[in-house]
There are 2 protein chains.
Amino acid sequence: MKKRPTINDIAAECGVSLSTVSLVLNNNPRISEKTRLKVLAAVEKYQYQPNTQARALASRSSRSLSVIVPQLNHVFADIYFGEIVSGIYDAACEAEYKVMLDIANDKFVSSQEYINLMKSRRADAMLFIASSISDDYLKVFETARYPFLLVNHFFPDSSLNYITLDYEDSAMQASDHLVNLGHRVIGVIAGTNTYTGLQFRDTFIDHCVGKGLKRKDITAVDGGRDWSQEDGYRAAEQLLAAHPKITAIMAGNDRMAVGAMSYVHSRKLKVPGDVSVIGVDDIPTARFSNPPLTTIQHPLYELGRLACEQVLAMFRNDIERYQEVVPVKLVIRESTGPVNKDRL
Amino acid sequence: MKKRPTINDIAAECGVSLSTVSLVLNNNPRISEKTRLKVLAAVEKYQYQPNTQARALASRSSRSLSVIVPQLNHVFADIYFGEIVSGIYDAACEAEYKVMLDIANDKFVSSQEYINLMKSRRADAMLFIASSISDDYLKVFETARYPFLLVNHFFPDSSLNYITLDYEDSAMQASDHLVNLGHRVIGVIAGTNTYTGLQFRDTFIDHCVGKGLKRKDITAVDGGRDWSQEDGYRAAEQLLAAHPKITAIMAGNDRMAVGAMSYVHSRKLKVPGDVSVIGVDDIPTARFSNPPLTTIQHPLYELGRLACEQVLAMFRNDIERYQEVVPVKLVIRESTGPVNKDRL
DNA sequence: ACACAAGGCTAAAACGCTTGACCTTGCTGT
DNA sequence: ACAGCAAGGTCAAGCGTTTTAGCCTTGTGT
């Protein structure tokens, strides 16, 4: 008796047909309570677990969804993606789905894995997290009708489904905060490999100008592709080299903000005494940086949950199109303060 | 012509049997080059992708492996796990495997998902990352012969397969470093929910005593279950309250070390001027903390890679048992320094 | 007594692939 | 001339479910 039990063994044990067992397992109301209990008892006795593959083959659903993240350095160690994935996982779990991981690396793209995942029925649906501006290949999903959703990204003038945080509002809230503290010469470290990043940068600059700042007093540098501490460090260096009078740095995410603070400290300058620094995301470390970081709180976990629920709804054909923008809010801590008059 | 092409369509197009197509797709050498090319051309023409579920059903392999992490707060955002998962992912990718994520939460345990995953053939193999000391249920794998591997954890006196970093050596290297700097009153923040954590703590203390320190001058407090910055902050608070003369803090991981530094700063004490702090792991942020953190470098990414390769070998029956300990090394940065005589 | 509708269950056709056994054909060596 | 064999294919039996049409009982109204 080494072999695993199958639905046939259960059926035989109960003296019913295998269809009956299948119906019981799928909670079909057409089976009487008596039969149901008999079957469930046998299932318990044999410790029977239906074969997932057979089930998937017959039912045309793998009960798996694919989560695709960009190819950054050790991306699964990235807090930003981690929060989103956590949200996705929890929602998937509730729907009894498994989460499969993928990285949009060269192989993934060149082998067209993004479409093969669907063709081979390996996944029921796909979630692309914060893909890059250059990911044109995703446009196949404008016409190919697969359950597909961009998370925290979008392509302008495209009909691709997306759910994203309100980067425009983030930019405006951050701008208001710094300008109200008296800052007039500001450096911006922006990620430029996503449309949301660009939107954030441009909105920030425009909004500052709208509040009376001179455009030439706002310097933007590229944060690099990783949005990492290292990138923030280097960008801050560039910024202070180009404009020594900068009194505030706006970083496109918290990690770059922490890197920027690190550079400011290395120059023997104080945060926020000499230079205020503000980030975006409100990752857990933001509270524990030195000093604690002022930032725009982005509900990444909730974003992930919602994304998962929606993309599964697409698979069930409950919805076809979905484009949503999620609100954000400012969290004031100790890395921003009134402008230091001596530095003006 | 809305339906997806199947292997039959390809066979018909080429005028060969479906077995031939299957053999070509599986690179079976029995098929002539001529036929192979003909088949591949048809595959290309139809953009054919074999159905994963059918394949898995017939071949008895899902080509997926399950990675199970403990239920910590937003665990996928955790750098420690992230590094390991990155390693696993890359190795899985090379073997053409997909990685499925799971969290060992109450539901996972009570529904026996850990064993059902195998029974239902959803996964070919399982990797448990840093499970907790209380995860007794894993002992079923001592007798149930499934491809199973504990990553960075082990159970004493158990035959369970594992691969872990050398926490004993970590403890000894850290101890040597601090004692050589002249520290004689040391606080230890240890995670106590893993055997590796306990082993680390106990080895550290014994080794210090072995080097001549008094046992009563070494205070150990529990770092809590999350091994987080918050835990480190609180633990440091406890430590300095209990023993104000502590001149060095050994934290069981870098995140707790960063939290501990944060508390030390909040007390207006200098790191390392007043209190040296050393961590474990060497996560990327360690270089960017203020001051940069001295730590024991743990090759988490490589650990993940190796774990994945080994567990897949188990599935292929290449190996049966596997227990391995991976070496580590000290990285000296700026958070540790000679003891401050004034504080003795 | 009979048509008819539920209710409860079953038969059997998918689902789309893998794989070991078997069949052909053309060569070898003797 | 022929057994023996390798190369290249094909056959068909699975793999373990889901699902729909339909079959057999009962119970109900007339």
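Each chain gets a letter, A, B and so on, in the order its sequence line appears, and its residues count up from 1.
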S.K.: Grab the CZ-C1' distance between Arg55(B) and dT19(C) for me, whole Å please.
M.R.: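 Value for this atom pair: 13 Å.
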
S.K.: Rounded to the nearest angstrom, tell me the gap between atom CZ in Arg60(A) and atom P in dG16(C).
M.R.: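 In whole Å, dG16(C) P and Arg60(A) CZ are 6 Å from each other.
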
S.K.: Counting any heavy atom closer than 4.0 Å, what does Thr20(A) reach on the DNA or RNA strands: base, sugar-phosphate only, or nothing?
M.R.: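 Base, at least one base heavy atom under 4.0 Å.
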
S.K.: Output the single nucleotide from dT18(C), dT17(D), dG16(C) whose closest atom is nearest the side chain of Tyr48(B).
M.R.: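 Closest of the options to the side chain of Tyr48(B): dG16(C).
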
S.K.: In whole angstrom, give the distance that lies between atom CG of Asn51(B) and atom C1' of dT18(C).
M.R.: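 To the nearest whole Å, that distance equals 13 Å.
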
S.K.: For the pair made of CZ in Arg63(B) and P in dC15(D), what is the distance, rounded to whole Å?
M.R.: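 Nearest whole value for this atom pair: 21 Å.
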
S.K.: Specify the separation, in whole Å, of atom NZ of Lys34(B) and atom P of dG8(D).
M.R.: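 Interatomic distance, NZ of Lys34(B) to P of dG8(D): 11 Å.
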
S.K.: Among Val325(A), Asn152(A), Leu149(A), which residue satisfies the side chain to side chain contact (heavy atoms under 4.5 Å, CB included) criterion with Ile163(A)?
M.R.: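 Testing Ile163(A) for a side chain to side chain contact (heavy atoms under 4.5 Å, CB included) against Val325(A), Asn152(A), Leu149(A) leaves exactly one candidate, Leu149(A).
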
S.K.: Looking only at heavy atoms, what is the nearest atom pair of Cys14(A) and Ala42(A), with distance?
M.R.: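 Result for this residue pair: SG-CB, 3.5 Å.
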
S.K.: Test ring pair (Phe, Tyr, Trp, His ring centres under 6.0 Å) on Phe76(A) and Phe76(B); report intermediate values, then the result.
M.R.: CA-CA 7 Å; Phe76(A) 298 133; Phe76(B) 297 133; 8.9 Å; no

S.K.: If I take atom CG in residue Asn8(A) and atom P in nucleotide dG14(D), what distance separates them, rounded to the nearest angstrom?
M.R.: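 After rounding, the reported distance stands at 12 Å.
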
S.K.: On DNA chain D, compare the nucleotides closest to Ser32(B) and Ser59(B); which residue's is nearer the 5' end?
M.R.: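 Counting from the 5' end, the first nearest nucleotide belongs to Ser32(B).
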
S.K.: Take the protein atom CG of Leu57(B) and the nucleotide atom C1' of dT17(D), then report the distance between them rounded to whole Å.
M.R.: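 So the CG-C1' distance, Leu57(B) to dT17(D), works out to 8 Å.
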
S.K.: Look at all strands and tell whether Thr35(A) reaches a base, only sugar-phosphate, or nothing, counting heavy atoms closer than 4.0 Å.
M.R.: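 The answer is sugar-phosphate, as Thr35(A) gets under 4.0 Å only of primed atoms, P, OP1 or OP2.
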
S.K.: Between Leu23(A) and Ser19(B), which has a closest nucleotide on DNA chain C that is more 5'?
M.R.: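 Final value for this comparison: Leu23(A).
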
S.K.: Reading DNA chain D from 5' onward, which residue's closest nucleotide shows up sooner: Ala58(B) or Leu18(B)?
M.R.: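 It is Leu18(B) whose nearest nucleotide is closer to the 5' end.
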
S.K.: Using side chain to side chain donor-acceptor pair (under 3.5 Å), reason through Ser132(B) and Ser134(B) one step at a time and then give a plain yes or no.
M.R.: CA-CA 5 Å; Ser132(B) 143; Ser134(B) 55; 2.9 Å; yes

S.K.: What residue among Phe81(B), Tyr162(B), Phe148(B) forms ring-ring contact (aromatic ring centres under 6.0 Å, His included) with Phe128(B)?
M.R.: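 With Phe128(B) as partner, ring-ring contact (aromatic ring centres under 6.0 Å, His included) holds for just one option, Phe148(B).
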
S.K.: Atom CD of Gln53(B) to atom P of dT18(D): distance rounded to whole Å?
M.R.: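 In whole Å, dT18(D) P and Gln53(B) CD are 13 Å from each other.
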
S.K.: Side chain of Ala54(A): nearest nucleotide among dC17(C), dT17(D), dA11(C)?
M.R.: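 The answer is dT17(D), which lies nearest to the side chain.
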
